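Have a look at the structure below before the remarks.
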2 protein chains.
Amino acid sequence: MPNNHFKRGELYSFITGKASIAIARRLQKKFNGAGLNLTIEQWSVLYHLWKADGISQQELCKATFRDKPSITRLVDNLEKAGLVKRVASENDRRINCIYLTKQAQKLQQQSMDIAEETLNEALDTVDPEKIEICKQVLQVVYDNLK
Amino acid sequence: MPNNHFKRGELYSFITGKASIAIARRLQKKFNGAGLNLTIEQWSVLYHLWKADGISQQELCKATFRDKPSITRLVDNLEKAGLVKRVASENDRRINCIYLTKQAQKLQQQSMDIAEETLNEALDTVDPEKIEICKQVLQVVYDNLK
DNA sequence: TTTGGATAGTTGCACAAACAACTATATGCC
DNA sequence: GGCATATAGTTGTTTGTGCAACTATCCAAA
C-alpha cells in the first residue's frame, strides 16, 4: 500500500479543490465590487500578456494550462470587450499575436493589487513556512500529473 | 505589510488552482478509460449520496459547495443517466429527496478506487507530513474565505 | 515542385457555473 | 383564516471547458 494512502473522508476536498474554488470566487467578487468587468479566466489571460505582450494563442494555452478552443473563446471575449487585439504574424500566417489595448494596460495595477489582497486574506494567520510547504506539495502534484 | 505578502510570480498558480485542475483532469481521464460515463461533478454528487442516500438538493448544495441551479442541473443529468431519482418529501413538499438507483450503487466501489488511485499518483513521492501540512493550509484558506 | 505531415487556430456540441428572476410550498403572526 | 416572509427548487442567460472535427498555413522529403 502506498504511503500516501488516503482515508475516504479526506479524499473529497483534495480532489474538488475547495480552497482554490473559494479563492477564485472571492477574487471574482472583488473584481465585480471594484467595477472591473472581467472574469477570472479573462484576467488569467491578461496576466500573461502583461508579462509578455504579443505572444501567440498557443503560448497562452501553455501558460494558462488551457486547450486551444478555450483560448480561442477567451480571446474572442477579450477582443469583444476591447481589451486585446489579434494580429496575424508576419513570419507565420498561422499564428495570431495577441496584443493588449491601452484599456487593458490600465487594468494591470488595480487587478494585481486585488489579487494580492485576496491571497493575503486567504492565507491570513497561516505560518509562512507552512505556506511554503503547501506550495511545494502542490507543485509536485502538478508535476506528477502533467 | 502582512507576513503572507506574495511575490508576483507565485501568485498565479495559487489562484488558478493548477494542482486541483490537474487532479480533476486525470480523474476524468481514468473514469473515461474505465468506461464510467460520469463527469467529475456528477461523481461528486454521487459521492455524498453514497454516504447518505435520500438527502435533499439543498443538502447537496452545502455538501458539494455549489449553488442551487448547479445542483438542479446536475441532478437533471444524473436522472437522465438513470443514476438517481427525485422523490418529493412526504413532510415538506418543497423538498426533493434524491435517491440512488441500483445502477449508481454499482459504481461506488470502482469509482472510489479510481479516485484513491488518482490521489496516490498525485501525491507520489510527497512526504506524508508535508501532505498533512498542505491539507491544513488548504482548510484554513477555505475557512478564511467561506 | 508536389505532396504528406505537423502546427495554429476555429467551430460545434455537451456539460457545468454564477447570477437573477421566477414558482411553489411552508411557517409564523395578526 | 389570511397575509408576509422564508425556504426549496427551476429556468434563462452568459461564460467557460473538453473533446472531436475542421480549415489554413508551413515545412520537409521524394
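Naming: A, B, ... by sequence-line order, numbering from 1 per chain. The figures here come from the full heavy-atom set of this structure, side chains too, leaving out hydrogens, waters and symmetry mates. What you see is a predicted model, and the numbers here were worked out from it, not measured in a lab.
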Task: Check: A:R94/A:S89 side-chain N/O donor and acceptor closer than 3.5 Å - done: no
Task: Of B:R93 and A:E59, the one whose closest DNA chain C nucleotide lies more 5' - done: A:E59
Task: Sole candidate of A:V87, A:L49, A:L78, A:L46 that passes side chain to side chain contact (heavy atoms under 4.5 Å, CB included) when paired with A:I98 - done: A:L49
TODO: Might you work through the side-chain hydrogen bond (donor to acceptor under 3.5 Å, both in side chains) test for B:N120 and B:E116, ending with a clear yes or no?
DONE: CA-CA 6 Å; B:N120 285 331; B:E116 188 150 336; 4.8 Å; no
Open item on the list: Rounding to an integer number of Å, can you tell me how far A:N96 CG sits from C:dT11 P?
Closed with: 11 Å
Task: Minimum heavy-atom distance A:H48-B:Y12, with the two atoms named - done: NE2-CZ, 3.2 Å
Task: Partner of A:E117 by salt bridge (charged side-chain N to carboxylate O under 4.0 Å, His left out), out of A:K30, A:R26, A:K29 - done: A:K30
Open item on the list: What I want to check is whether the side chains of B:S44 and B:T64 have a donor and an acceptor closer together than 3.5 Å.
Closed with: no
Considering only nitrogen or oxygen atoms on both sides, find all protein atoms under 3.5 Å from nucleotides 3-7 of chain C and state each distance.
| unit_1 | atom_1 | unit_2 | atom_2 | d |
| --- | --- | --- | --- | --- |
| C:dT7 | O2 | A:R94 | NH1 | 2.9 |

Open item on the list: Just by distance, no angles: are the side chains of B:K130 and A:Q136 close enough, under 3.5 Å, to form a donor-acceptor pair?
Closed with: yes
TODO: Show your working on salt bridge (Lys or Arg N to Asp or Glu O under 4.0 Å) between B:D76 and B:R86 and close with a plain yes or no.
DONE: CA-CA 9 Å; B:D76 284 350; B:R86 288 174 164 98; 2.9 Å; yes
Open item on the list: List the residues meeting side-chain hydrogen bond (donor to acceptor under 3.5 Å, both in side chains) with B:D53, not counting sequence neighbours, and say none if there are none.
Closed with: none
TODO: Measure the angle between the two terminal helix axes of the helix from C:dT1-D:dA30 to C:dC30-D:dG1, five base pairs each, and quote it to 10°.
DONE: 0°
Task: Pair A:S56-A:E59, side-chain donor/acceptor within less than 3.5 Å - done: yes
Task: B/S/- contact track for nucleotides 13-21 of chain C, protein heavy atom under 4.0 Å - done: B-SSSBBB-
Open item on the list: Below the 4.0 Å mark, does C:dA8 have OP1 or OP2 next to a side-chain nitrogen or oxygen of A:R86?
Closed with: no
Task: Under the side-chain hydrogen bond (donor to acceptor under 3.5 Å, both in side chains) test, residues paired with B:Q110 that sit two or more places apart - done: none
TODO: Anything under 4.0 Å to a heavy atom of chain A counts; send over the first and last such nucleotide of DNA chain D, read 5' to 3'.
DONE: D:dT15 to D:dC26
Task: Atom-to-atom span, CG of A:L60 to P of C:dA8 - whole angstrom - done: 13 Å
- [ ] Of all the heavy-atom pairs spanning A:A22 and B:Y142, show the shortest one and how long it is.
- [x] CB-CD1, 4.1 Å
Open item on the list: Can you confirm whether A:N37 is buried at CG, in the sense that more than 12 heavy atoms of other residues, nucleotides or ligands lie under 6.0 Å from that atom?
Closed with: no
